[in-house]
Amino acid sequence: MMVFSKALPHDIGSLNDVEVVQVLRKGDEALHFTRGPLEVGATVTQTVNWERRFDHMQQHSGQHLLSAVLEKEYNLPTTSWWLGADECHVELDAVKVADDVITAAEARCNDLIRQGLAVKVKFLKMGDPDLDEAHTRGLPKDCMATIRVICIEGVDENMCCGTHVANLSQLQAIKLLGAEPGKKGKTNLRFVVGNRVTWLLQRMLERERALTALLKNEPNKHEELVQKMQKNLKITNKNLQNVLSELAQVEIDKVKNTKPKYLFLFKKEATPEFNRAVCKGLEGEGLFMFLASEEPDRPKEGQIIIQGPEEHCNALGQQITELLKGKGAFKNGKFQGKAGDMGGINKCKKLIEEYFNKV
Ligand SMILES: [Zn+2]
C-alpha cells in the first residue's frame, strides 16, 4: 500500500497505526511502504517517531554546520556523509586531517552552537540568483522545479530536503571522535551531536566503572595497570613454556626408562607444543602414543595426537576419533587434530588399555 507524503524517510512510525517499513523519495514525493493495507483514498494520520526524528535533526543539522566550518575555514570540502546508529562521519576530500584542525573545528562549531544562530528554510525557483550562494552536492534530476535551501544565519546556505533544527542551540554540543582513512584518498571524520554526546559519555562511564571495579583502581591508572598486566602475562606465559618443556623431557625420560607398551597422556592444561615435544622425543621408540589436551577457553573441546606403529593405529585410530569426535585425518601414520567432544576421554583410555592387554 502506498500513500504520498512530504514527510521524510527514516523516522515515520506509522500511518493510521499501520507500521511504516520503508519510505522512498520519488520526485518531490515520498512513497511510504506499510506493513498492512490502507483503504484507497483514505485520509491518514501520520505519526512521527519523535525521539528518532529529533536525533536525526541533531546529527544532520550538526553535519551542515561541521561541513560548512571545515570547507570555509579549513578548505576541507565534504564529499558525502553517513548517519550510523551510534555515530556519524563526514567524508572529506583530503588524504589526512591534522589533529589541531580537528580540535579547532570542534571548538569553532561549539562556539557557533552557543551563539544559537537561526536555521531557516527558503524555497527558490530554478534560475533564482540566490541559488548561486547555496551549496549542493548535486540535485536529483527528478527534483528540479522548487529548490529547498537551508540557511544557517551568516554561516551556510545548503540545498537540502532533510529535517533540521530551528536554531543551532538545539544542537547542544558537537564532539568530533577522530579521523580515519576513507575511500580513495578521502578521510572520514567521525562525530556525534546533541543527545548522542550524552549517550556516548554515559556508555563510556559505564565501561569505565566496570573497569574500575575489575582493576580495583581509579580511571587514570587503568592504562598503566593494563600495560602491567599484559607485561606480566607475557612473562608468565614464557615461564610456563619453560616449565612445560622441562616437563615434556621428564615424560620422555620416564617412558624411555620404564618402556611401557603404549603411552596415554592426557593433561588438561598441556599446550599443543608440549604434546608435540613429547611425541618428537619418543619418535624412535616404536611406541603407540595418544596425547590430548583441552582448549583453555572451551574445555569440552581439545587437541589430540595419535602416533605409532601402523597396526595399532589401524586398530584404534578410527574408534578413538569417533569417541572424541575428532576432526582431521591420518597423515604419514600420524593423526593430529581437534577433538569436538572430550567427554569420551575415559572411554578412550579404557579402549586403549583393553587393546594392549590383549596384544
Ligand atoms: Zn540538510
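First listed ligand is number 1; within each ligand, the first listed atom is number 1.
Exactly one of F356, F335, Y355, F264 qualifies for a ring pair (Phe, Tyr, Trp, His ring centres under 6.0 Å) with F288. That residue is F356. Tested against C160, the residues V121, I150, V149 include a single side chain to side chain contact (heavy atoms under 4.5 Å, CB included) partner, I150.
Taking 2.8 Å as the criterion, C161 does not count as a coordinating residue of the Zn ion (ligand 1), since none of its N, O or S atoms falls below it.
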Identify all side-chain donor-acceptor contacts of residues 229-247 below 3.5 Å with residues at least two apart in sequence or on another chain.
| residue | atom | partner | partner atom | Å |
| --- | --- | --- | --- | --- |
| T236 | OG1 | N232 | O | 2.7 |

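A donor-acceptor contact shorter than 3.5 Å is absent between the side chain of K72 and the backbone of V69.
Rounded to 10°, the angle that SG of C160 and NE2 of H60 form at the Zn ion (ligand 1) is 100°. Taking the Zn ion (ligand 1) as the corner point, the angle from H64 atom NE2 to H164 atom NE2 is about 100° (rounded to 10 degrees).
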